[in-house]
Structure formats: structure tokens, C-alpha cells
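I have placed the structure first, in the form of C-alpha cells, so that the comments after it can refer back to it.
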Amino acid sequence: MKRLIVASAIGVLFLAVVAGQSRQPAGTTHTGPAFRFNKVREGVYHAIGTGSLAVVGNSSFIVNDTDVIVVDDHVSPAAAWVLLDEIKTITNKPVTTVINTHFHFDHAHGNQIFAPGVQIIGHEFTRRALLGNPTAMPLYQGYFNGLPTQIETLRKRIDAEPDAAAKAKLRTQLQVTENNYASQKELKPTPPNVTLTTQMTLFRGDREIQIRFLGRGHTAGDVVVYLPKEKVVITGDFLTSGLSNMSDSYPEEWAASLDALKKLDFDTVLPGHGEAFTDKAKIDYFQAYLRDVWSETSRLKKQGVSAEQAAKQVDMTKHKANLPIQAPGIPPIAATRIYELLDAR
Ligand SMILES: [Zn+2]
């Protein structure tokens, strides 16, 4: 019994050292697993949220001979904490390394839970962005400020819902949103403590893990994580299974940077949103979309159309067979971004 207590105390201490935070973050409560781990190769997992906790982006993790490398750590300290907790169902090896594919809140806002001894690797732009004031950026502001309204709306819907099963479902959604809000309030954006500009490679036994910057695209500092032997590439939002957010993007350069991705020899993509896929034609579809969205928005701007109006008018429905597009219009944040880039020329 005593031995058990000592062992579990060591376990707690170990977790605290690895996680770097003596106190569990707020908002980690959830019912059932928070993640589904999709094993794509021996030791290579794609982690997708189940909905029982707000995690937003996907992460991936690589279990090596003696350690674990995590790629992206979700939307909040709570989400990252629970990820580490659930990784323990797969392995007890310590997480020594985290790679941030880019600085966006849904991929890097778990960074703060890791101890200073854990290497957090990202592009030097990602470090600058996270050292700056990332929570003041419109993308995060829109997300954070929307949470109280979502909570209020859910409460009203729960009160008005007559069906017990539907009410229970809404209650879960409310719990998920309240927990996320509680964790966001504890947020301290934490930058990578190791940076790269073009490429670095980690070696773990027989495994080679390349971290590559392929040119500006989704942000000015996205990296992909490429496992040449396993023929797997982890792409964050540089390439997702659908459309990526464009608020900090360089759409024209992005299409070209994706050509560099095509040159890598891989057959499985683990994206930052959506399921893993093997269909490389998705890269072509997305490149075609980026080129069109750029030229269409530029054309409207030349005609004197406002960014707000252009967001409604830009018609990308010709891509709807290959991408999740239902009707004309693009997100206003995408139109604003393209206008900004054109103005800066
Ligand atoms: Zn992103």
C-alpha cells in the first residue's frame, strides 16, 4: 500500500515535471475520452477531438524508443493537459518535444503547460508572433469574445428545450464551452524555445523527423513535419482536409509553396483539421482555389468594390465538387487580408 502511494506520488511528480505546471489547469473536466487516436503507422498517431472537450485543431504525436514528440497542442492549456493525460493510455514515455506548425491559437495555445526543459520547436516567425500580442489579433479576439454569447445562447436553448435527450446534449455543449472559456482566461501565450528558418531534423533511433518550412502560405511561418521513412507528413493548416483560414495568409505564395510540398515523397497527410488522407489531388484542388480566390478578389478590388462587399461576391462555387463550398462568398477575414496584401504592394 505504502509502495503504491509512493509510486503514485512519483507519478504525479513526474507528470508535474513533464507538464511543468504544478496545478491542473481550469476546464479539464470532460465525459468520455477527449481524443480519438488514429494510429497511422507504428508509433505515429493523429489525435482528433471527440467533442467532449474543446480542442479545435488536431494534433499528432510520435512515440519513439525513449520519448514522445507532440505536433501542435490545441486551443487551450486544458486541451493540452488532457492530451498528455490521454497519451498515457498509449505510452508512459515522456513528452520531450513539441513542434508548433504555426502560431494560431487552435494549434499553439497549449504550449504553456510544458516545463522549460521541454523543447518547443517552431519557425522563428512563430516565436515572434507568440511573443507579440497574439491574443489581440482579430482571429483570436473573434473566438474569445464569442464564447460568452455562445454560453448565453446555450443556456437559453436548454431552458426552452422540451426533449430530455436534446436537453442533455445541449448541457454537454454548455459544459464544453464553459470549460473552454475558463481555460482561455488562464491563457499565457508561450513561444517556441527552439526556432528554425528553413529546416531542422530530429533523429530518434531509426526514425528521422524533418521539420521543414516550405515558403509562406497559411502564415509567414508554417512548418510541416515530414517522416521520410514512414512517408507521412503532418501539415497543420498549410494543408487541411478542407479549406484553411486565410486571416494571416499569403494566398498567392501559398499556392507556390504547396508545389514544394508535392516534391516530398509521402503517401499520408495528417492535417491540422479533418481526417488523415492519402489523396494528393487535394493539393491541386486547394492550389486552384487559392489562385482563384486571389484573382477574383483582386479583380473586384480593381473595380472599386469594398472588401466587405467582395467577401459576399467572390464566387468559388466552381470548386464545390472538391472543397466544402456551398454558396458564393468567402469569409470577410479572407477578403480583408487579400485587400491588405494588395494595398501593401
Ligand atoms: Zn491556422
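Note that the structure is predicted; figures quoted are calculated from it, not measured. Side chains included, hydrogens not; waters and symmetry mates left out as well; all remaining heavy atoms used. As the structure lists them, so they are numbered: ligands from 1, and atoms in each ligand from 1.
- A salt bridge between E178 and R155 is present, with a side-chain N of the basic residue lying under 4.0 Å from a carboxylate O of the acidic one.
- Looking only at side-chain heavy atoms (C-beta outward), T28 and L53 stay at 4.5 Å or farther from each other.
- Rounded to 10 degrees, the NE2-metal-NE2 angle spanning H102 and H218 at the Zn ion (ligand 1) equals 90°.
- For H104, the N, O or S atom closest to the Zn ion (ligand 1) goes by the atom name ND1.
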From CA spacing to verdict: side chain to side chain contact (heavy atoms under 4.5 Å, CB included), V56, H109: CA-CA 11 Å; V56 191; H109 276 186; over 6 Å; no
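- D237 contributes atom OD2 as its closest N/O/S atom to the Zn ion (ligand 1).
- Two residues are said to be in side-chain contact when any heavy atoms from C-beta on lie closer than 4.5 Å; N111 and V98 meet this criterion.
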